[in-house]
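Below: one structure, written as structure tokens.
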Amino acid sequence: MPEKNIVADPALVAVDRIVVAVNDLAGAEAAYTRMFGRAASWRRTDRSGGTSHVYFYLDNIGLELAAPLGSGIWGQRLRSFLEEKGEGIRALCLASNDMLATADVLLARGLPVVVMPENEGFDESGRSHHWRHGLVGTRAARDLSLVVAQTYNGRGERDLAPLRDGVSEEAAISALDHVVVMTSDAEACKKLFGDQLGIRLALDHTKPEWGVRQLFFRLGGVTIEVVQSLDATKAPKRDFLWGTAWKTKDIDAVRARLIAEGAEVSEVRKGRAKGTHVATIRPPTGGIPTLLISKTDVVQAAD
């Protein structure tokens with residue numbers, strides 16, 4: 001067997017999923033079922049760990065809703081997060097096809113990874129799901145909760161969250177455009193996401209008229225947008241995972257459906273990026289600032 005090359009690329013292949021910490025799992029599932037126009041892909045309960053989970057798999061990412069249940073160690077940690085910070089994004093999971101090799105590379109680059117044992121969960125039909133996680137040290141990752149995820153049934157074999165009855169593809173959400181990280185130090189995040197995690201930096205620009213510097217990293221069809229305020233007094237004490245923007249095929253159709261179902265959604269307006277239109281979805285969103293976004297064919301082709 002050839003030796004592992006610990007200075008090779010960490011070979012992260014996608015943003016696997018966003019984990020959202022919630023207090024009321026049933027309420028959060030209802031909110032995202034309405035938002036996406038889709039039913040959940042699967043659910044599981046980890047009684048020994050003390051958590052309960054609902055998963056939505058979309059074209060380019062998964063969304064996991066997690067709530068504490070009982071007194072297991074993971075439930076205790078989730079409960080502590082909710083008590084300290086409230087509902088919101090708990091973790092960003094990055095997909096690898098080889099957990100152990102990726103952990104070796106990241107360690108060589110200054111990011112220690114605690115590799116967890118292989119795990120198995122069963123959905124309501126009794127079908128098994130297999131995965132393995134590696135937890136990136138938060139101190140080295142600027143207090144961000146980053147997880148390396150390897151799934152053994154293959155990302156392509158996941159069940160896309162099914163459309164709800166009466167909802168068309170045009171009126172549903174099928175993919176994530178970007179997830180936002182708020183930081184006090186864009187250069188440090190450039191090192192973390194680019195140099196250490198090996199994610200491609202697509203754009204680095206400063207916009208004085210908006211009061212921000214933005215970094216855009218691209219991985220597996222998803223953008224990780226890092227935002228630093230140019231006003232140091234507005235800088236967060238700790239970096240954190242902040243918001244999401246979901247792609248739409250027809251933003252007007254999605255907005256009309258959501259409003260008809262009782263959601264509060266802003267008027268559609270021009271986005272900051274050329275050729276985009278956006279609308280804001282008001283809570284409940286699991287504590288996450290949430291946008292709908294549409295792009296012209298020209299912008300999508302260039303993205």
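Worth knowing before you read on, the calculation uses all heavy atoms, side chains too, and leaves out hydrogens, waters and symmetry mates.
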- request: Answer yes if Leu176 and Ile288 sit in the same cluster of Ile, Leu, Val, Met, Phe, Trp and Tyr residues linked by side chain heavy atoms under 4.5 Å apart, and no otherwise.
  value: yes
- request: Of all the heavy-atom pairs spanning Pro112 and Leu107, show the shortest one and how long it is.
  value: CA-CD1, 3.9 Å
- prompt: Does the Asp159 side chain pair with the main chain of Trp42, one donor and one acceptor, at a distance under 3.5 Å?
  reply: no
message: Measuring from atom SG of Cys93 to atom CD1 of Ile61, what distance do you get when rounded to the nearest 0.5 angstrom?
response: 9.0 Å
message: Under 4.0 Å between a side-chain nitrogen and a carboxylate oxygen: does that hold for Glu64 and Arg17?
response: yes
task: Could you tell me whether the side chain of Arg38 and the main chain of Ile173 form a donor-acceptor pair under 3.5 Å?
output: yes
- request: May I ask you to decide if Tyr57's main-chain N or O and Ser41's side chain share a donor-acceptor pair within less than 3.5 Å?
  value: yes
Separation between OG1 of Thr183 and CZ of Phe240, rounded to the nearest 0.5 Å: 10.0 Å
field: Separation of Thr280 OG1 from Leu291 CG (nearest 0.5 Å)
entry: 5.0 Å
query: Measuring from Leu69:CG to Arg47:CZ, what's the distance to the nearest 0.5 Å?
result: 6.0 Å
task: Take Asp98 and Ser96, measure what side chain to side chain donor-acceptor pair (under 3.5 Å) needs, and give me the verdict at the end.
output: CA-CA 5 Å; Asp98 188 334; Ser96 167; 5.9 Å; no
field: hydrophobic_cluster_shared for Met116 and Val113, side chain cutoff 4.5 Å
entry: no
message: Go through it in stages, so that I can follow the logic: the residues are Thr102 and Asp104, the test is side chain to side chain donor-acceptor pair (under 3.5 Å), and I'd like the CA-CA distance, side-chain angles, deciding distance and then a yes or no.
response: CA-CA 5 Å; Thr102 295; Asp104 283 347; over 6 Å; no
query: Taking the side chain from Gln150 and the backbone from Arg132, do they hold a donor-acceptor pair closer than 3.5 Å?
result: no
query: Are Leu203 and Ile199 grouped together when hydrophobic residues (ILVMFWY) are joined by side-chain heavy atoms under 4.5 angstrom apart?
result: no
message: How long is the straight-line distance from CG of Asp252 back to NE2 of His277, given to the nearest 0.5 Å?
response: 8.5 Å
message: With ring pair (Phe, Tyr, Trp, His ring centres under 6.0 Å) as the criterion, how do His205 and Phe216 come out once you've worked through the C-alpha distance, each side chain's angles and the decisive distance to 0.1 Å?
response: CA-CA 9 Å; His205 70 192; Phe216 297 87; 5.6 Å; yes
- line: Shortest non-hydrogen pair, Pro68 vs Leu82, comes out as CD-CD1, 3.7 Å
- prompt: Between Glu83 and Arg79, is the closest basic N to carboxylate O distance under 4.0 Å?
  reply: no
query: Salt bridge check: are Arg109 and Asp195 linked by an N-O gap of less than 4.0 Å?
result: no
- prompt: Got more than 12 heavy atoms from elsewhere within 6.0 Å of CZ, Arg269?
  reply: yes
- prompt: So, Gln76 side chain and Ser71 main chain: donor-acceptor pair closer than 3.5 Å or not?
  reply: yes
query: For Ile293, does its backbone N or O pair with a side-chain atom of Thr248 as donor and acceptor, under 3.5 Å?
result: yes
- prompt: Do His129 and Tyr55 have their ring centres less than 6.0 Å from each other?
  reply: no
Exercise: identify the closest heavy-atom pair between Ala202 and Arg218: CB-CG, 3.6 Å
query: Which ILVMFWY residues are connected to Leu163, directly or by a chain of links, through side-chain heavy atoms under 4.5 Å apart?
result: Val167
query: With a 3.5 Å cut-off and no angle check, do the side chains of Ser266 and Arg255 form a donor-acceptor pair?
result: no
message: Taking Arg34 first and then Glu29, would you say they form a salt bridge - that is, a charged N and a carboxylate O separated by under 4.0 Å?
response: no
- prompt: Under a single-linkage definition using a 4.5 Å side-chain heavy-atom cutoff for Ile, Leu, Val, Met, Phe, Trp and Tyr, are Val265 and Val268 assigned to the same hydrophobic cluster?
  reply: yes
Ion pair Asp59/Lys247, N-O distance below 4.0 Å: no
field: Main-chain N/O of Asn23 paired to Glu87 side chain as donor or acceptor, under 3.5 Å
entry: yes
- request: Measure from the side-chain N and O atoms of Arg257 to the backbone N and O of Met35, and report whether any donor-acceptor pair falls under 3.5 Å.
  value: yes
task: Count the heavy atoms of every other residue, nucleotide or ligand shown that sit under 6.0 Å from CD of Glu261, and state whether that count exceeds 12.
output: yes
- request: Without swapping roles, check the side chain of Thr223 against the backbone of Glu225 for a donor-acceptor pair under 3.5 Å.
  value: no
task: Can you measure from CZ (Arg200) to CG (Leu12) and round to the nearest 0.5 angstrom?
output: 14.5 Å
- prompt: Taking Asp239 for the side chain and Asp143 for the main chain, is one N or O donor matched with an acceptor at less than 3.5 Å?
  reply: no
- prompt: Out of curiosity, does Leu94 fall in the hydrophobic cluster containing Val114 (side-chain heavy atoms, cut-off under 4.5 Å, transitive links)?
  reply: no
